[in-house]
Each structure stands twice: as C-alpha cells, then as structure tokens.
Amino acid sequence: MNLASFKNLHPWKISNEEAKELQKKLAGELKFTVLGKLPRLIAGVDSSFIQSGEEEYIITVIVVLSFPELEMVEKKFLTNKVSFPYVPTLLTFREGPSFIKTWKRLNHEPEIVFFDGQGIAHPRQLGMAAHLGLWIDRPTIGVAKSKLFGIEEQTPVKKGEWHPLLHPEDRHVIGATVCTKETSAPLYISQGNYITLEDSIRLVLSCVNKQRLPEPTRLAHLLTEKVKKEKKTLDLQDSEE
DNA sequence: GCGACAG
DNA sequence: ATCTTGTCGC
C-alpha cells in the first residue's frame, strides 16, 4: 500500500495574523510550470460540516478518477473535529488539516488535484488550492463556485468560453471565469502549484460532462453529502472508509 | 466609514 | 458551508 506523499510545511494552529504572514511567505514558493504530460489520475476534494452541540465536525472526501475516462478509481473520507472558524481568505486553515489526514490514507498518488476554492486568485496569492499544492508538492487547481478576489470584466456565456480574472491593483491575470454549462453561472478557475492558468482551464474543461462542475469536484461533493446523511442518522464518531 | 467576503 | 418546499427548466 503506497501512501500519498506530502511535506509537513508548518503547524496549522496559529493566529489569524500569523496565518496571513505565512500565506505571504509561502506564495513566493509557488511554481507555475507547464504540465509535462497529461495525467492518468485526477483527484477531487470536497468537505461538508456537521454541528453537534458545541462541537463542529468536518467530513473531507477525496475521490480519484482515471483520466480521460473519468471513472472512479478510489474514494476516501475522514470525519474530524474542527476548531478553526470560517474566515474569508483563511479557508485553508479550516479545511487543510483534515485534507492532509485524508490524503495520507490514499492508496493512489493522483497527479493533479482539484480543490473547491481558489488557487492564486486570493488577496495574498495563496488560496487553498495553491497552499495545499505546496504541501502535496504536485499540480493543483482551484475550482471555485464564486469569487473571492479579482475583477471580472466580462461573463462567459458559451460552454468553453472564458475571460481573465484581474488583480485589482496592477490588473495582471490571476485566474479566469469559465463557462462550463450554458445557463449556469461560471466557475472561477485559478492555478494552484506546478501548473499554468491555461493548462488549468483546459483540464477542468476536459473533466466536464453535462453538469456545471467537473467530475472530480462533482463526485467528491456528492459523496460528502451522502456520508453526512448517513452520519446524521447514526452518531458522530471519527470514522473512515 | 462602507462594501466584499472561497467554503 | 448550513437552514429548507416547492418549483421551474434542461
């Protein structure tokens, strides 16, 4: 059983100010390289939460799909207690610890990972996908359903159409709004680590079927809902599959 | 001071 | 993210 590798870069339980300083420092370590060859395994990550009295639990799901077939190769989930609250721009500190624990249990090594959140389209250029891309040291993409940071000057309306997301200060490109389904709101795509924006958009689009979300993200989300439903029916004990 | 604000 | 019924559209 090969466990997915990662680098333990820093502790997670730090103050908000320390977290922001850490983001500024880590952002300088990102690499935006062109993808060498197409991946054979792509992972999708998603989390959901359960409130139980004073305690809050996070259910993190990672699904691994074959590419380009997009068939399920592995599913893994963990339930953990969470203490870090949701703070805009510090999402990684809330979901990161649980992601890493789940990642360690994977029996496959995905070559690319899709996260539900931003890549570098973040005030300090280190959204969750970029941050965790440094931890797992491989290509990652931010697939967000809404905007956190940036200026959009046009809305894509045809499937496959996209427009750059610009930095508010110098207007350089930090991501893109991508139409993955007509009549649906666009997705906010931005590169995480070891990938370019163009490759990110290309990969996300090649993982889209008939729905708005690309399969890795969509299937991880469905599983997260399923696990939560079963969890609520029983009790709240740490568990795994 | 005011609005924005991933999940 | 979560709380929530029916309802409109592909």
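Naming: A, B, ... by sequence-line order, numbering from 1 per chain.
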Q: Distance-only criterion, 3.5 Å: show the donor-acceptor pairs between side-chain atoms of residues 128-142 of chain A and protein atoms not counting sequence neighbours.
A:
unit_1, atom_1, unit_2, atom_2, d
A:H131, NE2, A:H10, NE2, 2.9
A:W135, NE1, A:H10, NE2, 3.0
A:D137, OD1, A:Y194, OH, 2.8
A:R138, NE, A:I136, O, 3.0
A:R138, NH1, A:E109, OE1, 2.8
A:R138, NH1, A:P110, O, 3.1
A:R138, NH2, A:S5, O, 3.4
A:R138, NH2, A:S5, OG, 3.2
A:R138, NH2, A:E109, OE1, 3.0
A:R138, NH2, A:I136, O, 3.4
A:T140, OG1, A:A129, O, 2.7
A:T140, OG1, A:N193, N, 3.0

Q: So which heavy atom on A:S190 is nearest to which on A:Q118, and how close?
A: OG-C, 3.8 Å

Q: Kindly indicate whether the side chain of A:F84, heavy atoms from C-beta on, has any atom under 4.5 Å from the side chain of A:L90.
A: yes

Q: Is it possible for you to say whether A:I50 and A:I58 belong to one hydrophobic cluster, with membership spreading through side-chain heavy-atom contacts below 4.5 Å?
A: no

Q: Do the side chains of A:W12 and A:F6 join up, straight or via other hydrophobic residues, at under 4.5 Å, putting them in one cluster?
A: yes

Q: Starting at the 5' end of nucleotides 1-7 of chain B, put B wherever the base has a protein heavy atom under 4.0 Å, S where only the sugar-phosphate does, and a dash everywhere else.
A: ----BBB

Q: So A:V63 and A:E74, do their side chains get closer than 4.5 Å, heavy atoms only?
A: no

Q: Taking the side chain as every heavy atom from C-beta outward, state whether A:K145 and A:Y188 have any pair of such atoms under 4.5 Å apart.
A: no

Q: Identify whether any heavy atom of A:H131 sits under 4.0 Å from a base atom; if not, whether one sits that close to sugar-phosphate; answer base, sugar-phosphate or nothing.
A: nothing

Q: Could you give all pairs that pass the ring pair (Phe, Tyr, Trp, His ring centres under 6.0 Å) test and reach residues 140-183 of chain A, with sequence neighbours left out?
A: A:F149-A:H167, A:H167-A:H172

Q: Mind pulling the stems DNA chain B is in, i.e. runs of at least three Watson-Crick or G-U pairs, everything under 3.5 Å?
A: none

Q: For nucleotides 5-10 of chain C, give me one character per nucleotide, 5' to 3': B if any protein heavy atom sits under 4.0 Å from the base, S if the only such contacts are to the sugar-phosphate, - if neither.
A: ------

Q: Scan side-chain atoms only and decide if A:R124 and A:T89 contain a donor-acceptor pair under the 3.5 Å cut-off.
A: yes

Q: Test salt bridge (charged side-chain N to carboxylate O under 4.0 Å, His left out) on A:K25 and A:E18; report intermediate values, then the result.
A: CA-CA 11 Å; A:K25 174 192 155 199; A:E18 291 174 316; over 6 Å; no

Q: Any non-hydrogen side-chain atom of A:L203 less than 4.5 Å from a side-chain atom of A:I112?
A: yes

Q: For DNA chain C, just give me the dot-bracket, please: Watson-Crick or G-U, both distances below 3.5 Å, ( ) intra-strand, [ ] crossing earlier pairs, | paired with another strand, . unpaired.
A: ..........

Q: Are the side chains of A:L165 and A:K147 in contact, using a 4.5 Å heavy-atom criterion?
A: yes

Q: For C:dA1 and A:K228 - does any side-chain N or O of the residue sit under 4.0 Å from the phosphate oxygens OP1/OP2?
A: no

Q: Quickly, which of A:K210, A:K159, A:R212, A:K158 forms a salt bridge (Lys or Arg N to Asp or Glu O under 4.0 Å) with A:E182? Name it, please.
A: A:K158

